[in-house]
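From a predicted model like this one, the values you see are computed outputs, not experimental measurements.
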Amino acid sequence: MSGWQIRRLPVCASTEWELDRWLRHSPPGPQGPDPWRAVVARRQRHGQGQRGRPWCAPAGGVWLSAAFPWPGASRAPANLPLALAVGLARELEGLGLPVRIKWPNDLLVHGGKLAGLLPRQRWRGGRLLWAQAGIGLNGTNRVPPGAVSVAQALARAGGRRGPGPGRWHPQACPRRLEARVWSALRWAMAQAGEAELVRDQAEQRLWQPPEGVLVGEEPWQVAGLELDGRLRLQRGAALTWLSRSF
């Protein structure tokens, strides 16, 4: 891909670990990675999710980790997780899928987890050096309970219960989905200085759990998002906010 230096692996423990090792051995310059770097694996043995949770990553999905510049000097840079989520949601909506963003870093279709994002920012001495993103997207791979693949979602959109062996929708193959991930990353980088646009587009796709979000033992309703990515919750006339750390 133009602008990217990509390492492709048939299998690895984690694309996040491989990318971190690459960046340690060959550190980016003061303007961030140039060219931008990414590690793509056909499958992962120990995929890494939020808070180090294991991510099942068999063959058939898109499993990659990327490092790229992000404008830390901007007065109000777009929130990185929201920009990534909106970028990927837009690409998957191009397939006709009703994607929702489950704050802070999952994409859902029909209530099932379709993709997970692991965004990080690298700082030094109060200066943002670059951004990183781990992306896992279910394509034709088998998924655990509570998750969904693009193949299953497209089958449902077509009025079928699910594709049979050897009958996966061509748009669900990893090669085609990977192209959409690259486009999503480029969209996020292009909108890095558009905090309000990113926030507004994320709000349009924000998942609203009917049971609300538990804060302590009390359910709160999702009311929206702040520019900095905090989730705004409402209970009666009261407001509260949830934030995430990189």
Determine yes or no for a side-chain-to-main-chain donor-acceptor pair under 3.5 angstrom, with [X] supplying the side chain and [Y] the backbone.
| X | Y | result |
| --- | --- | --- |
| S65 | G134 | no |
| N138 | S149 | no |
| D200 | V198 | no |
| E203 | L225 | yes |
| H169 | Q171 | yes |
| W22 | V39 | no |

* To do: Please list, chain by chain and in numerical order, all residues satisfying side-chain hydrogen bond (donor to acceptor under 3.5 Å, both in side chains) with Q234, sequence neighbours excluded.
  => none
* Asked: Residues in side-chain hydrogen bond (donor to acceptor under 3.5 Å, both in side chains) with R230, at least two apart?
  -> D228
Closest heavy-atom pair and its distance - [X], [Y]:
| X | Y | value |
| --- | --- | --- |
| L177 | A172 | CD1-O, 3.3 Å |
| A153 | V148 | N-CG2, 4.1 Å |
| A115 | L88 | CB-CD2, 4.1 Å |
| I101 | A85 | CD1-CB, 3.9 Å |
| W182 | A38 | CH2-CB, 3.6 Å |
| P81 | P104 | CB-O, 4.2 Å |

So [Y] and [X], do their side chains get closer than 4.5 Å, heavy atoms only?
| X | Y | value |
| --- | --- | --- |
| R90 | W187 | yes |
| V150 | L114 | yes |
| D34 | P28 | no |
| L233 | V215 | yes |
| W103 | L242 | yes |
| R21 | H25 | yes |
| Q132 | L23 | yes |
| E18 | R7 | no |

Decide whether [X] and [Y] are clustered together by the hydrophobic rule: side chain heavy atoms of Ile, Leu, Val, Met, Phe, Trp, Tyr closer than 4.5 Å, transitively.
| X | Y | answer |
| --- | --- | --- |
| L206 | L108 | no |
| V181 | L19 | no |
| L231 | V99 | yes |
| V62 | L9 | no |
| V143 | L64 | no |

* Partners of R43 by salt bridge (charged side-chain N to carboxylate O under 4.0 Å, His left out), sequence neighbours excluded? -> none
* To do: With sequence neighbours excluded, tell me which residues meet salt bridge (charged side-chain N to carboxylate O under 4.0 Å, His left out) with E218.
  => R235
* To do: Output the distance between atom CD (Q204) and atom CZ (R199), rounded to the nearest 0.5 Å.
  => 11.0 Å
* Give, for atom CD of E194 and atom CD of Q201, the distance between the pair rounded to the nearest 0.5 Å. => 10.5 Å
* To do: For the pair L118 and E16, evaluate side chain to side chain contact (heavy atoms under 4.5 Å, CB included) and give the outcome as yes or no after the intermediate values.
  => CA-CA 9 Å; L118 184 63; E16 288 290 291; 3.7 Å; yes
* Asked: Do D106 and R100 sit within salt-bridge range, that is, some charged N less than 4.0 Å from a carboxylate O?
  -> no
* For the pair E226 and R232, find out whether any cationic side-chain nitrogen is under 4.0 Å from an anionic carboxylate oxygen. => yes
* To do: Might you work through the salt bridge (Lys or Arg N to Asp or Glu O under 4.0 Å) test for R8 and E178, ending with a clear yes or no?
  => CA-CA 12 Å; R8 296 186 179 275; E178 185 184 318; 2.6 Å; yes
* Asked: More than 12 foreign heavy atoms under 6.0 Å from CZ of R122: is that the case here?
  -> yes
* In chain order, what residues pass the side-chain contact (heavy atoms from CB on, under 4.5 Å) check against P209, with sequence neighbours excluded? -> W207, E211, V213, V222
* Please determine, by modelled atom types, if Q44 and T15 share a side-chain donor-acceptor pair under 3.5 angstrom. => yes
* Is there a donor-acceptor contact under 3.5 Å linking the side chains of Q5 and W36? -> no
Side-chain polar contacts of residues 91-98 - donor-acceptor pairs under 3.5 angstrom, sequence neighbours left out - could you list them?
residue: E93; atom: OE1; partner: R205; partner atom: NE; Å: 3.3
residue: E93; atom: OE1; partner: R205; partner atom: NH2; Å: 3.0
residue: E93; atom: OE2; partner: R205; partner atom: NE; Å: 2.8

* Would you please indicate if the ring centroids of W70 and W130 are separated by under 6.0 Å? => no
* Structure fact -> Which of R127, Q121, R120 passes side chain to side chain contact (heavy atoms under 4.5 Å, CB included) with W123? Answer is Q121
* Structure fact -> Which of I135, L117, L82 passes side chain to side chain contact (heavy atoms under 4.5 Å, CB included) with N105? It is L117
* **Residues L185, W4; criterion side chain to side chain contact (heavy atoms under 4.5 Å, CB included); working and verdict** => CA-CA 11 Å; L185 285 167; W4 291 96; 4.0 Å; yes
